[in-house]
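This is the structure I have questions about; it appears just below.
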Amino acid sequence: MKKLIMVVLMAVTFSQASADGVKIRDVFRQMPDSLMPYLSLNNRLDCIDFLDSGMKAEVRNSLGGTSEMTSMADDSLSIRMSDGLRVDILLMDSTVVMIETFLVDSIYGESRVHYFTSQWKPLQQPSLSEVQEQRIRHLKMQNIVKRDDDLLNKR
């Protein structure tokens, strides 16, 4: 009986530790292909491996172009899907925030924000802290400003 209780306690402790230790790389690996049709599972795994190896994380996407994971931290990653689309994924507690920023040759860009559980189940507007909301707003604006800087530097 004591062994059974010990095993149950260890299982509960382990599952809690695993839930608290979720990282963006794990969530990105489990992402359904339907949410990011540009990149297959193998493309996503290659991007992670390339960045871990200190290499440029550029892969050929399913549309025949190239996509590049430009950064990855424990709680976020950024991917330049094409010249006109950037995707940022943030892990905020147990909520995954996916920001798609569509960039055009002007000062105007448009971002769409999608919310999911860490198992990629869609969420309606989750309750996020003001700091988390501000981080999302800042990232959306940063994407548009960066695109404008890139365009000005090319001229």
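Quick note: numbers below take in every heavy atom, side chains included, and nothing from hydrogens, waters or symmetry partners.
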Closest non-hydrogen contact found for Tyr115 with Gln124 is CB-O, 4.3 Å
Euclidean distance, Arg44 CZ relative to Met31 CE, rounded to 0.5 Å =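 Between Met31 CE and Arg44 CZ, I get 6.5 Å after rounding to 0.5 Å.
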Please examine the side chains of Val59 and Cys47, heavy atoms only from C-beta on, and report whether any two atoms are closer than 4.5 Å.
-> yes
What's the spacing between Lys140 NZ and Glu100 CD if we round to 0.5 Å?
-> 12.0 Å
About how many Å separate CE of Met98 and CG of Leu77, when rounded to the nearest 0.5 Å?
->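 Here the rounded value is 10.5 Å.
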Is a salt bridge present between Arg86 and Asp88, judged by a nitrogen-to-oxygen distance below 4.0 Å?
->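 Yes, Arg86 and Asp88 are salt-bridged.
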Between OG on residue Ser67 and CG on residue Asp46, distance to nearest 0.5 Å | 12.0 Å
Would you indicate whether the side-chain heavy atoms of Ile136 and Leu90 approach each other to under 4.5 Å?
-> yes
Is Leu39 close to Met36 at the side-chain level, that is, under 4.5 Å between some pair of heavy atoms?
-> yes
Presence of salt bridge, Glu130 and Arg137, under 4.0 angstrom =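 So Arg137 pairs with Glu130 through a salt bridge.
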Charged N-O contact under 4.0 Å between Asp26 and Arg29 |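 A salt bridge links Asp26 with Arg29.
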Partner of Phe28 under side-chain contact (heavy atoms from CB on, under 4.5 Å), picked from Leu41, Ile79, Leu45, is Ile79
If we only count heavy atoms from C-beta on, is the Leu63 to Tyr38 side-chain gap below 4.5 Å?
-> yes
Taking atom OG1 of Thr66 and atom CE of Met81, what is their separation to the nearest 0.5 Å?
-> 10.5 Å
Looking at Asp74 and Arg25, does any basic side-chain N land under 4.0 Å from a carboxylate oxygen?
->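 Looking at Asp74 and Arg25, the cut-off is not met.
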Is the closest side-chain donor-acceptor distance between Thr70 and Ser78 under 3.5 Å?
->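 No pair is found: no donor N or O on one side chain lies under 3.5 Å from an acceptor on the other.
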What distance separates Gln125 CD from Thr95 OG1, expressed to the nearest 0.5 Å?
-> 10.0 Å
Are any of the side-chain heavy atoms of Asp75 and Met92 separated by less than 4.5 Å?
-> no
Flag side-chain contact, heavy atom, 4.5 Å: Phe116 against Lys121 =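 SC-SC contact between Phe116 and Lys121 ruled out.
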